[in-house]
Chemist: 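I'd like to ask you about the structure that follows.
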2 protein chains.
Amino acid sequence: MSLKFALLGFLSTEAASGFDLAREFGESVGWFWFSSHSQIYPELRRLETEGLVASTPSPGGPGKQKRIYRLTEQGETELQSWLEQPTEYAPIRDVERVKLVFLDQAPVEVIRRHLEDHKKHYEDLLAVYTQQLRELHRGVFPRLVKRLATRPRNSHEMITGLKVLAMQGNIARVRTEIHWAEDALSWLEGMEDQT
Amino acid sequence: MSLKFALLGFLSTEAASGFDLAREFGESVGWFWFSSHSQIYPELRRLETEGLVASTPSPGGPGKQKRIYRLTEQGETELQSWLEQPTEYAPIRDVERVKLVFLDQAPVEVIRRHLEDHKKHYEDLLAVYTQQLRELHRGVFPRLVKRLATRPRNSHEMITGLKVLAMQGNIARVRTEIHWAEDALSWLEGMEDQT
DNA sequence: GGATCCATGTAATTAGTTACATGATTTA
DNA sequence: TAAATCATGTAACTAATTACATGGATCC
């Protein structure tokens with residue numbers, strides 16, 4: 001259900017092709033919703049039949065069969081009404097935690113490797129998020145720039161502020177994971193010494 | 001794929017019925033994997049045909065058609081080999097963040113309500129996790145007690161330690177969310193004053 | 001005897017993954 | 001001209017949700 005609104009949200013900043021969306025929803029680590037092109041293309045067509053988006057063939061001439069999707073007024077309305085509704089929190093499905101609590105019969109090195117992977121994973125994310133926050137503050141973050149360009153000046157501070165908040169939240173999260181993994185690793189060292 | 005191993009993991013502590021599992025995977029907030037009974041019952045039968053679990057009708061006599069599933073040796077082996085493999089991190093799908101970054105055209109009260117809901121949500125979780133951590137430390141957490149009872153004494157510290165770690169991690173996470181929401185709310189207050 | 005909980009199931013649908021497939025355009 | 005990138009699609013499958021359905025046991 002949320003892919004729909006993630007797409008509408010993205011298109012509320014600027015029109016884009018399925019390929020653009022698939023790139024942003026797929027490769028880019030700094031984005032908040034992952035999806036693959038095989039899900040995005042059919043969904044866009046579905047949204048078009050619903051009247052929430054409209055598409056035009058790319059102005060690149062023939063040969064290029066690229067389609068550009070833009071939000072319709074109806075899509076804008078539907079997006080706004082979804083945004084206002086309270087969020088339903090996704091049920092917890094945490095593979096790492098499941099592994100951790102049942103790893104108690106495994107060799108200590110295995111546990112350590114898991115914790116080190118955990119730390120590494122979030123350190124990599126931290127680097128990405130930190131870079132993006134820097135770009136937001138400098139006003140060179142591409143999607144921020146585009147959104148500011150299409151919105152009234154008196155909403156610019158809010159637009160920037162919310163994106164900064166979101167990114168700060170991500171940074172706080174990954175820092176928490178890194179610190180936790182470090183604490184866990186030093187606890188584990190103590191466990192080994194006992195053997 | 002992970003439901004399979006969440007079930008095997010759970011059954012590695014003690015045999016249980018589909019109903020027990022559905023209760024633990026459904027209602028209980030403190031658990032790491034959510035699933036509904038309509039997914040669990042068929043999955044258990046599938047695992048039985050795979051030979052990873054075995055079931056016996058409950059010893060409650062006839063009338064009660066309750067089936068108790070226990071892990072087989074093959075299931076134990078498969079679980080351990082899964083536990084050792086590096087975790088593949090789930091792709092990010094974060095509805096709250098998607099909402100937040102597109103809420104910039106909505107009234108400030110709407111944004112505030114979202115942030116307050118966020119804070120409330122994680123405060124409720126914090127209460128649950130804190131209580132569970134207390135029970136772990138006191139040695140009265142039911143699933144810890146059961147697991148300790150079936151494992152050699154020299155692994156007791158590891159069993160307890162890992163569960164404590166997992167719970168501390170959850171607590172750290174929710175605290176991060178609460179602090180973030182508080183910071184966001186006070187930033188938002190400043191925004192309102194400007195109007 | 002009615003409500004609540006225990007206990008297990010199926011059917012229909014939506015969401016998401018993985019793999020296969022095709023062809024145009026750009027770059028080296 | 002070969003490789004990489006742009007661009008869009010389908011098919012098969014697995015995972016998860018939602019709703020419907022049934023009946024026994026226990027409690028009041």
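By convention in this document, chain letters (A, B, ...) are assigned in the order of the sequence lines, proteins followed by strands, and residues within each chain are numbered from 1.
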Chemist: Is the distance between the ring centroids of Phe25(B) and Trp33(B) under 6.0 Å?
Modeler: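 Between Phe25(B) and Trp33(B), the centre distance exceeds or equals 6.0 Å.
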Chemist: Are side-chain N/O atoms of Ser55(A) and Arg67(A) paired as donor and acceptor at under 3.5 Å?
Modeler: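 Arg67(A) and Ser55(A) do have a side-chain donor-acceptor pair below 3.5 Å.
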Chemist: Rounded to whole Å, how long is the line connecting atom CD1 of Ile92(B) with atom P of dG16(C)?
Modeler: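 Going from CD1 in Ile92(B) over to P in dG16(C) covers 15 Å.
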Chemist: Strictly below 4.0 Å: does Tyr41(A) bring a side-chain N or O up to OP1 or OP2 of dG9(D)?
Modeler: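 The answer is no; no side-chain N or O of Tyr41(A) sits under 4.0 Å from OP1 or OP2.
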Chemist: If you define the side chain from C-beta out and look only at heavy atoms, does anything of Trp31(B) sit under 4.5 Å from Phe10(B)?
Modeler: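 With C-beta onward as the side chain, the pair touches.
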Chemist: Side-chain N or O of Arg45(A) versus OP1/OP2 of dT10(D): is the shortest distance under 4.0 Å?
Modeler: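 It does, given that an N or O in the side chain of Arg45(A) lies less than 4.0 Å from OP1 or OP2 of dT10(D).
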Chemist: Please check if any side-chain donor atom of Glu135(A) sits under 3.5 Å from a side-chain acceptor atom of Gln131(A), or the reverse.
Modeler: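 Yes.
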Chemist: For the pair made of NZ in Lys66(A) and C1' in dT5(D), what is the distance, rounded to whole Å?
Modeler: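 Value for this atom pair: 12 Å.
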Chemist: In whole Å, what is the span from the CZ atom of Phe19(A) to the C1' atom of dA24(C)?
Modeler: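 After rounding, the gap between these two atoms is 12 Å.
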Chemist: Starting from C1' on dT18(C), measure out to CD on Glu88(B) and report it in whole angstrom.
Modeler: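 Those two atoms, CD and C1', are 13 Å apart.
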Chemist: To the nearest Å, give me how far apart NZ (Lys4(A)) and P (dT14(C)) are.
Modeler: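 Taking NZ of Lys4(A) and P of dT14(C), I get 12 Å after rounding.
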Chemist: Out of Arg151(A), Arg147(A), Lys163(A), which one pairs with Asp104(B) under the salt bridge (Lys or Arg N to Asp or Glu O under 4.0 Å) rule?
Modeler: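 With Asp104(B) as partner, salt bridge (Lys or Arg N to Asp or Glu O under 4.0 Å) holds for just one option, Arg147(A).
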Chemist: Restricting to nitrogen or oxygen on both sides, can you table the protein-nucleotides 12-16 of chain D pairs closer than 3.5 Å?
Modeler:
{"residue": "dA15(D)", "atom": "OP1", "partner": "Met1(B)", "partner atom": "N", "Å": "2.6"}
{"residue": "dA16(D)", "atom": "OP2", "partner": "Gln39(B)", "partner atom": "NE2", "Å": "2.9"}
{"residue": "dA16(D)", "atom": "O3'", "partner": "Arg93(A)", "partner atom": "NH2", "Å": "3.0"}

Chemist: State plainly whether the residues Arg173(A) and Glu177(A) are in salt-bridge range, i.e. N to O under 4.0 Å.
Modeler: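 Salt bridge: no.
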Chemist: Walk me through whether Glu116(A) and Lys119(A) qualify under salt bridge (Lys or Arg N to Asp or Glu O under 4.0 Å).
Modeler: CA-CA 5 Å; Glu116(A) 274 161 1; Lys119(A) 193 180 165 209; over 6 Å; no
Chemist: State whether the distance check finds a donor on one side and an acceptor on the other, under 3.5 Å, for side chain Ser38(A) versus base dT18(C).
Modeler: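 Between dT18(C) and Ser38(A), which were checked side chain against base, a qualifying N/O pair under 3.5 Å is present.
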Chemist: Check the distance between dA11(D)'s P and His37(A)'s NE2 and give it to me in whole angstrom.
Modeler: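 After rounding, the reported distance stands at 14 Å.
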Chemist: How many whole angstroms separate atom CD1 of Ile68(B) from atom P of dA7(C)?
Modeler: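 Atom CD1 in Ile68(B) sits about 8 Å away from atom P in dA7(C).
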Chemist: Just compare dC6(D), dT10(D), dC6(C) and give me whichever is closest to any side-chain atom of Arg23(B).
Modeler: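 Out of dC6(D), dT10(D), dC6(C), the nucleotide with an atom closest to Arg23(B)'s side chain is dC6(C).
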Chemist: Between atom CZ in Arg67(B) and atom P in dG24(D), what is the gap in whole Å?
Modeler: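 It works out to 18 Å between those atoms.
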